[in-house]
Structure formats: C-alpha cells, structure tokens
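One structure below.
Everything numeric here is computed off the predicted structure, so don't read it as measured data. Chain identifiers are assigned alphabetically (A, B, ...) following the order of the sequence lines, protein sequences preceding nucleic acid strands; residue numbering begins at 1 within each chain.
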Amino acid sequence: MLKRRSNFFTRVYKIVEKIPRGKVATYGQVAALVGSRDARKVGWALHANTSTKIPCHRVVNKEGMVAENFAFDGWREQKARLVSEGVKFISEKQVDLAIHRLQVL
DNA sequence: AGAGTGACTCATA
DNA sequence: CTATGAGCCACTC
C-alpha cells in the first residue's frame with residue numbers, strides 16, 4: 001500500500017502534468033483520473049501548491065471557465081498562458097472546450 | 001472526533 | 001442570469 005497523506009496532491013500533479021500543450025482538462029475529469037469524485041479537491045490541491053512546474057492554467061471548470069481566484073495572478077494570467085499555447089477563447093474567461101477538451105488518457 | 005473551508009458540480013426555484 | 005442547498009472528500013484547527 002502506498003502512503004496516502006498528500007499523495008492526492010501527487011496524483012493531481014501527475015495528471016495535470018500529462019495535459020498536452022494546447023489542451024485543457026476539467027476539474028471533474030482530473031478528479032476521476034485521480035480516483036476521486038470531488039472536483040473541489042482538485043482545485044484545492046492546485047491552489048495549495050501553485051507550483052510553476054504544473055500547467056494548472058490548463059485546468060478549468062466544466063464549461064471551460066477559468067478560475068476567478070487563480071493563484072498566479074487571477075484568471076487573466078491563466079488566459080494569457082493558454083492563449084500563448086494556442087488555446088482559443090470563446091469569451092473573456094471561457095475556453096473553447098469543443099476543440100481543446102482533453103481526451104481520455 | 002467535530003467543525004470549518006474550498007480554483008467544483010448538479011439540482012431546484 | 002442569480003441564489004441556495006446538497007454532495008463530495010482531503011485538509012487544518
């Protein structure tokens with residue numbers, strides 16, 4: 001048995017790091033991949049670390065909306081990063097999930 | 001052990 | 001559209 005504790009964090013990071021450039025994943029998707037059902041913990045785990053090594057900007061909510069409380073510098077930074085990777089926005093805070101939604105790993 | 005919190009999601013009104 | 005309630009589960013105190 002692996003130790004749990006903040007193992008959840010590691011799982012989330014593992015998944016998020018897997019997200020290819022130009023793609024985005026939803027909290028619910030990541031939650032499912034880490035073996036949980038709670039999307040909240042995913043966002044919580046991301047915000048709890050804010051590690052620049054993790055493309056947390058590629059994680060958005062179910063509608064592609066970026067987070068209001070994004071850890072780096074608000075949703076503007078998140079959007080800037082995504083646009084920089086070629087992700088299209090259909091609104092100021094909304095990503096075009098129809099194109100960039102992450103497929104099943 | 002219990003209460004509070006949270007970058008979510010869904011249902012209802 | 002907004003607001004509220006519930007579900008969810010790990011973390012902190």
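In this structure, Arg58(A) and Lys23(A) have side chains that are not in contact, with every pair of non-hydrogen atoms separated by 4.5 Å or more. Residues Leu102(A) and Val30(A) are not in side-chain contact: their nearest non-hydrogen atoms beyond the backbone lie 4.5 Å or more apart. Within the 4.5 Å cutoff, the side chain of Glu63(A) has heavy atoms near those of the Gln94(A) side chain. Side-chain atoms of Arg101(A) and Thr26(A), non-hydrogen and from C-beta on, do get closer than 4.5 Å to each other. Side-chain contact between Ile15(A) and Gln29(A) is absent, with no heavy-atom pair separated by less than 4.5 Å.
To the nearest whole angstrom, the two C1' atoms, one in dA7(B) and one in dC13(C), are 22 Å apart.
Distance Asp38(A) CG to dA7(B) C1': 12 Å, rounded to the nearest Å. We find that CD of Gln29(A) is positioned 14 Å from C1' of dT9(B), with the value rounded to whole Å. Whole-Å rounding puts the Arg37(A) CZ to dA10(C) C1' distance at 14 Å. One interatomic measurement links the two molecules: CG of Asn61(A) to C1' of dA7(B), which rounds to 9 Å at whole-angstrom precision. Lys41(A) places its NZ atom 12 Å from the C1' atom of dG7(C), with the value rounded to the nearest Å.
Ionic pairing of Glu85(A) and Arg81(A) is not present here: no N-O contact between side-chain nitrogen and carboxylate oxygen is shorter than 4.0 angstrom.
Nearest heavy atoms, Val12(A) versus Leu46(A): CG1-CD1, 3.3 Å.
For the segment residues 62-76 of chain A, residues with any heavy atom less than 4.0 angstrom from an atom of DNA chain B are, sorted by number, Lys62(A), Ala67(A), Asn69(A), Phe70(A), Ala71(A). Within residues 44-59 of chain A, the residues that place at least one heavy atom under 4.0 Å from DNA chain B are, in residue-number order, Leu46(A), His47(A), Cys56(A).
The hydrophobic cluster containing Met65(A), built from Ile/Leu/Val/Met/Phe/Trp/Tyr side-chain heavy atoms closer than 4.5 Å, comprises no other residue.
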